[in-house]
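For reference, the structure is listed below as structure tokens.
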Amino acid sequence: MNRGTLFWTPAVLRILVLFSIAGAIGFFFGERAALLAAIAALIASLVMQLRYLEHLSLWLDAPEQRLPDGWGAWSEIFARLYRLRREDEKIRAELAEWLARFREAMAQLPDGVAIIDDVLFLEWCNPAAEKHLGLDLARDQGMRITNLVRHPHFIDYLMLARFEKPLELEINERRYQMHLIPFQSKRRILVTHDVTQVELIDRMRRDFIANASHELRTPLTVINGFLELAVHDPDMPEDARRRHLSLMLEQGRRMQDLIEDMLSLTKLETLEFPLQVGTVNMVALLEDVRDNAVALSAGHHEVKLIASGPDIRGSTDELRSAFLNLATNAVRYTPEGGTVTLEWKNTDTGPEFSVTDTGIGIAPEHVPRLTERFYRVDKSRSRETRGTGLGLAIVKHVMMRHGGVLDIKSTPGRGSVFTARFPRLVVASSD
Ligand code: ADP
């Protein structure tokens, strides 16, 4: 049965019943009584319909209230309205939940997303876009984006509409890449991506290549110079030839040191090269470091070792390389007659290795940059003493891989203290 039949059948039946009752009254009490009864029944029915219409009108004003049960066709209408409302509430709740999830996802997004309309008014943006573009959604919604971000390149980018290429902008000393994506014919999505770190790494890589090439070119130029001399002057006196050969050997060694340090540094920075953790026999390692420092000093300094700290868990090879760098630096940057003290001890915060020298020291402005690759305070002194400029960068990475830090304290003309501090958890258990 269709809806029309379902509606009309009971209604017609109800009218037929009414007429039958009126007919029965007419049969027993006469025509007048039948007419009066029919009129009274019609009026009662009309009043009832009007009451239900009133209920419906009141309910539409406040749909959160319950609907009355109703009678006849009204009961079906009220039941359907009630079902519609329940479904509507469910859809609303689902939509609200979906919107909350979408907002949450957008808030977590590291990239900025802003929606602007065809006349460049800001409709919405996420917290990352607020941060990148210096916006405040509550304050700036509905404002023209070109009035909010007043960078001329940004305005050109929007006006010229060449969106196939991203725009790079510097805002508040950070670099952002921006894309404008048209959507829904009248709106545009502006996506901002912070590339400061990527650029920094890229610049460091470029600088590293430039510095490394420069460092390698210098000894190579010296070697080539001597080789050319040898080619053009085959009758060179024996002592000059020997001197040239020993200078070439020295430059060759310098290149080798450089390449070895560069390879170590690259390995230490590679995530695929995990730390080879084992128990480090600290006394053996420290004595080895001390012996190397003594050999380098060749009797020109007093080298002391004080070792009271525990054995630790870590990479023996990496720690040897880091401690050797610190100890040999102390010898290299301390004039003859000075003292170099190597000390390994435990502290409340964890074990630490310190190298104290009575050497030339470092001016405070250089200290924060010492662990940068190829950073040297005095280039000629570093080269004279076979320095690669990479030693402290290696120490820094080794310490990072062991969860530790390198601390540098220095007074020009008096000496320096380089301290490698480890966290407590590196201490090897005694069993
Ligand atoms: P280098 O191979 O040039 O010694 P490092 O990375 O080991 O390179 O050290 C960087 C710079 O830090 C050195 O060039 C030097 O100027 C300074 N430096 C390192 N250790 C000391 C020290 N113990 N005393 C004074 N200056 C130091």
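Both counts, for ligands and for their atoms, begin at 1 and track the order of listing.
Side-chain atoms of R421 never come within 3.5 Å of backbone atoms of D407 as a donor-acceptor pair (strictly under, hydrogens ignored).
When each atom of ligand 1 is checked for a heavy atom of Y375 under 4.0 Å away, the hits are 10 (C), 11 (C). Atoms of ligand 1 found under 4.0 Å from any heavy atom of T388 (numbered from 1 in listed order, with element): 2 (O). Counting the atoms of ligand 1 from 1 in the order shown, those under 4.0 Å from a heavy atom of S416 are 24 (N).
Using a cut-off of 4.0 Å between Lys/Arg side-chain N and Asp/Glu carboxylate O, D257 and R254 are scored as not salt-bridged. Classification of D202 and R206 as a salt-bridged pair holds, one side-chain N sitting under 4.0 Å from a carboxylate O. Between R85 and E89, at least one side-chain nitrogen of the basic residue sits less than 4.0 Å from a carboxylate oxygen of the acidic one, meeting the salt-bridge criterion.
For H132, the ring pair (Phe, Tyr, Trp, His ring centres under 6.0 Å) criterion is met by Y176, not counting sequence neighbours.
Shortest contact from atom 17 (C) of ligand 1 to any protein heavy atom: L370 CD2, 4.0 Å. At the shortest separation from atom 26 (N) of ligand 1 among protein heavy atoms lies I362 CG1, 3.3 Å. At the shortest separation from atom 3 (O) of ligand 1 among protein heavy atoms lies S382 OG, 2.6 Å. Scanning all protein heavy atoms for the shortest distance to atom 23 (N) of ligand 1 gives D357 OD2, 2.9 Å. N329 ND2, 3.5 Å is the protein heavy atom nearest to atom 19 (C) of ligand 1.
Rounded to the nearest 0.5 angstrom, R290 CZ and L285 CG are separated by 12.0 Å.
Annotation for R320 and V289: closest pair O-CG2, 4.5 Å, computed over non-hydrogen atoms. Here the shortest heavy-atom pairing between A128 and L109 reads CB-O, 3.5 Å. Among all heavy-atom pairs drawn from L133 and M178, the shortest one is CD2-CE, 3.5 Å.
For the ligand labelled ligand 1, residue R332 lies inside the 4.0 Å heavy-atom shell. Contact analysis leaves G359 out of contact with ligand 1, as no non-hydrogen atom separation drops below 4.0 angstrom.
Relative to the ring axis of F208, R373 places its NZ or CZ within 45° and under 6.0 Å from the centre.
Where the criterion is an N or O separation shorter than 3.5 Å, residue side chain and backbone included, V377 meets it with respect to ligand 1. Looking at ligand 1, you won't find any N or O of G387 less than 3.5 Å from one of its N or O atoms.
Comparing L392, T371, V367 by heavy-atom distance to atom 9 (O) of ligand 1, the nearest is L392. Evaluated by nearest non-hydrogen atom to atom 14 (O) of ligand 1, the leading choice among F374, Y333, F418 is Y333. Looking at P412, A330, G391, G389, it is G389 that brings a heavy atom closest to atom 2 (O) of ligand 1.
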